[in-house]
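Bear in mind the structure is a predicted one, so any value in this text is a computation, not a measurement. In what follows, residues are counted from 1 in the order of the sequence shown.
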Amino acid sequence: FSCFGHQWFVKLYPGGRNDSNDGYVAIKLVNWTEASIEIEFKYIIKHPNGVGDISRASGKLLKFSPTSAGLANNFSLRSTLLDYLVDGTLIVEVHMRANKPG
């Protein structure tokens, strides 16, 4: 997807990564553009029945160099995310904010 003139992609690791706790899903946001940018971001998984969202935010501006990533190794338990599937698909929202002078 495109945001702030940059190309991005989200990668989900259903089995986690090497440094994830057992049973956890990892997720990362990658800057796929040849320019750096500082952004604050948040991942959101909305429950299909509106029960409650799962989210994780960076909480501060982070510099994304080309191909660098914002990683959450222990985003959520895999067993929890199964209840968030919509027709077998997990829908991930990414909210982003850049610190651009006005």
task: Give a yes or no on this: more than 12 heavy atoms of other residues, nucleotides or ligands lie within 6.0 Å of atom CG of D19.
output: yes
query: Would you find a donor on one side and an acceptor on the other, under 3.5 Å apart, between the side chain of W8 and the backbone of L29?
result: no
message: Would you say V94 ends up clustered with L71 if hydrophobic residues are merged whenever their side chains have heavy atoms under 4.5 Å apart, either directly or through other cluster members?
response: no
- request: In sequence, state the C-alpha distance, the side-chain angles, and the governing distance for E93 and D53, and then conclude on side-chain contact (heavy atoms from CB on, under 4.5 Å).
  value: CA-CA 11 Å; E93 287 185 11; D53 299 342; over 6 Å; no
Main-chain N/O of E40 paired with S58 side-chain donor or acceptor, under 3.5 Å: no
- prompt: What's the shortest heavy-atom distance between P66 and S36, and which atoms?
  reply: CD-OG, 3.6 Å
message: Tell me the closest heavy-atom pair linking N31 and H6, and the distance in Å.
response: OD1-ND1, 3.3 Å
- prompt: Looking only at atom types and distance, does a side-chain atom of R56 sit under 3.5 Å from a main-chain N or O of S76, one as donor and one as acceptor?
  reply: no
- line: Between K28 and A69, the two heavy atoms sitting closest are CD-CB, 3.8 Å
Y13 side chain reached by I27 side chain, heavy atoms, under 4.5 Å: no
statement: Heavy atoms of G15 and R78 approach each other most closely as CA-NH1, 3.5 Å
Stepwise side-chain contact (heavy atoms from CB on, under 4.5 Å) test for F75 and L12: CA-CA 10 Å; F75 178 71; L12 189 72; 5.6 Å; no
query: Do the non-hydrogen side-chain atoms of H47 and D83 ever get within less than 4.5 Å of each other?
result: yes
- prompt: Are side-chain heavy atoms of I45 and V92 found at a separation under 4.5 Å?
  reply: yes
task: Tell me whether F1 is reachable from I39 by hopping between hydrophobic residues (I, L, V, M, F, W, Y) whose side-chain heavy atoms are closer than 4.5 Å.
output: yes
message: If you count every heavy atom of other residues, nucleotides or ligands that lies below 6.0 Å from N21 atom CG, does the total exceed 12?
response: yes
- line: CD1 of I37 to CG of L61, rounded to nearest 0.5 Å, is 10.0 Å
- request: Please check if atom NZ in K42 has more than 12 non-hydrogen atoms from other residues, nucleotides or ligands closer than 6.0 Å.
  value: no
query: Distance from H95 atom NE2 to Y43 atom OH, nearest 0.5 Å?
result: 13.0 Å
- prompt: Rounded to the nearest 0.5 Å, how far does OG of S65 lie from CD of E38?
  reply: 10.0 Å
message: Would a single hydrophobic cluster contain both V25 and I54, if residues Ile, Leu, Val, Met, Phe, Trp and Tyr are joined by side-chain heavy-atom contacts under 4.5 Å?
response: yes
message: Count I, L, V, M, F, W, Y as connected when their side-chain heavy atoms are under 4.5 Å apart, and connections chain through other members. Are I91 and I44 then in the same cluster?
response: no
task: Measure the shortest side-chain to side-chain distance between Y24 and N73 over non-hydrogen atoms and say whether it is less than 4.5 angstrom.
output: no
Minimum heavy-atom distance L85-P48, with the two atoms named: O-CG, 4.0 Å
message: Side chains of F64 and T33, heavy atoms from C-beta outward: is any pair under 4.5 Å?
response: no
